[in-house]
Amino acid sequence: MPELPEVERARVRLDAAVAGRSIVAVNVLHRNVARRVSARAIASLAGAGIVGVTRRGKHQLIRLQDGRTVHAHFRMTGDWHIDRASEPLPRFARAVIVLDDGSRVVLDDPRALSTLDIHAPGSEPDLGLGPEPSDPAFTVGWLREAFGKRRGPIKPVLLDQRVVAGLGNIYAAESLWMARISPATPARSLDDRELVRLRSAIVRVIERASGSRYREGSSRFSVYDREGERCRRCGAKIKRIVQSGRSTYYCSGCQRGQRRARVSRAPRSARP
DNA sequence: CGTATCCTGACC
DNA sequence: GGTCAGGATACG
């Protein structure tokens with residue numbers, strides 16, 4: 001459950017569960033999730049008091065009273081499962097943090113691609129992140145500069161966390177749809193009007209996803225995972241392509257990359 | 001820059 | 001049995 005809004009919700013739940021508590025024990029159930037951390041470092045968490053949890057991009061930072069930071073990243077499929085330590089573990093439990101009030105935080109992740117790291121006191125991890133969409137520093141000027149260095153298509157650039165922190169594959173596609181920009185448009189060829197549209201689209205897409213918790217059933221995306229369906233804006237078909245090994249969904253009708261220099265500039269034939 | 005890789009499950 | 005998966009990074 002990645003992407004900024006989902007991670008922020010997870011952070012809020014985690015913070016409510018752990019702030020002010022102390023750790024009784026941490027158990028790593030799948031080696032991959034703590035592959036960069038020694039067993040000793042894990043064991044040394046026992047007894048530590050927890051100040052609270054912050055977030056940057058998709059990273060969650062659990063601040064300990066002794067100055068250390070436990071750094072969690074869900075990657076593709078991680079989530080927190082918070083319950084009582086006496087409950088049976090969920091099927092995909094990968095790590096467990098037992099707290100001093102008998103509650104428990106379980107890192108629940110079928111693919112076990114999530115990561116846990118521990119940072120020493122005073123060593124703030126360099127996460128290599130650009131501004132969050134909500135940051136005043138996330139400006140058209142910032143995007144112009146970031147895109148100017150990139151020769152490739154815009155969509156993969158939007159997934160670069162140094163450009164904008166927290167944007168993932170779904171909301172990158174949704175943002176490009178909202179801004180009516182083709183995902184194949186070379187990043188550095190975007191003009192100012194497109195940059196303005198794209199910046200505000202990203203902000204709005206993230207804001208909206210942050211506000212409304214998703215409802216099952218109703219398709220909550222405009223293009224993501226909607227290959228072959230009709231665009232709700234222009235009625236053309238949603239297509240799927242692969243860019244940098246990831247699926248990109250977009251509307252073949254209303255997302256124009258102004259330079260797709262094809263012969264026919266004839267308008268697409270009527271919509272049904 | 002694109003591609004492979006970590007890992008496991010769901011789905012065709 | 002093959003393909004794909006909401007991420008990030010190491011590598012060619």
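Labels below follow one simple rule: chain letters A, B, ... track the order of the sequence lines, proteins then strands, and each chain is numbered from 1.
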Query raised in the report: Does the separation of the ring centres of A:Tyr224 and A:Trp177 fall below 6.0 angstrom?
Result: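 When the ring centroids of A:Tyr224 and A:Trp177 are compared, they turn out to be at least 6.0 Å apart.
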Do you see a donor-acceptor pair shorter than 3.5 Å between the side chains of [X] and [Y]?
X	Y	answer
A:Ser252	A:Lys239	no
A:Thr69	A:Arg63	yes
A:Arg75	A:Thr115	no
A:Ser182	A:Gln255	no
A:Arg111	A:Thr77	no
A:Arg21	A:Ser103	no

Query - Nucleic acid contacts of residues 161-175 of chain A, taken as heavy-atom distances under 4.0 Å to DNA chain C - result: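 By residue number: A:Gln161, A:Gly168, A:Asn169, A:Ile170.
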Query raised in the report: Side chains of A:His30 and A:Ser114: does their closest heavy-atom pair fall under 4.5 Å?
Result: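 No, their side chains stay 4.5 Å or more apart.
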Query raised in the report: Looking across every strand, which nucleic acid part, if any, lies under 4.0 Å from A:Ser247 by heavy atom: base, sugar-phosphate, or nothing?
Result: sugar-phosphate
Taking the [atom1] atom of each, how far is [N] from [M], in whole Å?
N	M	atom1	answer
B:dA10	C:dA8	C1'	23 Å
C:dT9	B:dG9	P	25 Å
B:dC1	C:dA5	C1'	24 Å

Query raised in the report: Is A:Arg246 near enough to C:dA5 that one of its side-chain N or O atoms lies under 4.0 angstrom from OP1 or OP2?
Result: no
Query raised in the report: Roughly how many Å is it from CE in A:Met76 to P in C:dG6, rounded to a whole number?
Result: 5 Å
Query raised in the report: A:Gln60 has an atom CD; how far is it from atom C1' of C:dG7, in whole Å?
Result: 14 Å
Query raised in the report: Can you list the stems that include DNA chain C, where a stem is three or more consecutive Watson-Crick or G-U pairs with distances under 3.5 Å?
Result: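 Listed by first number, the stems are B:1-6 with C:7-12, B:8-12 with C:1-5.
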Query raised in the report: Where along nucleotides 6-12 of chain B does protein come under 4.0 Å, by heavy atom, of base (B) or sugar-phosphate alone (S), with - for untouched nucleotides?
Result: BBBS---
Query - A:Arg188/A:Glu145 ion pair, N-O < 4.0 Å - result: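 Salt bridge between A:Arg188 and A:Glu145, a charged N being under 4.0 Å from a carboxylate O: no.
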Report task. Assign the ring pair A:His59 / A:His71 to parallel, tilted or perpendicular, where the plane angle (0 to 90°) is split at 30° and 60°. Result ->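 Geometry flag for A:His71 against A:His59: tilted rings.
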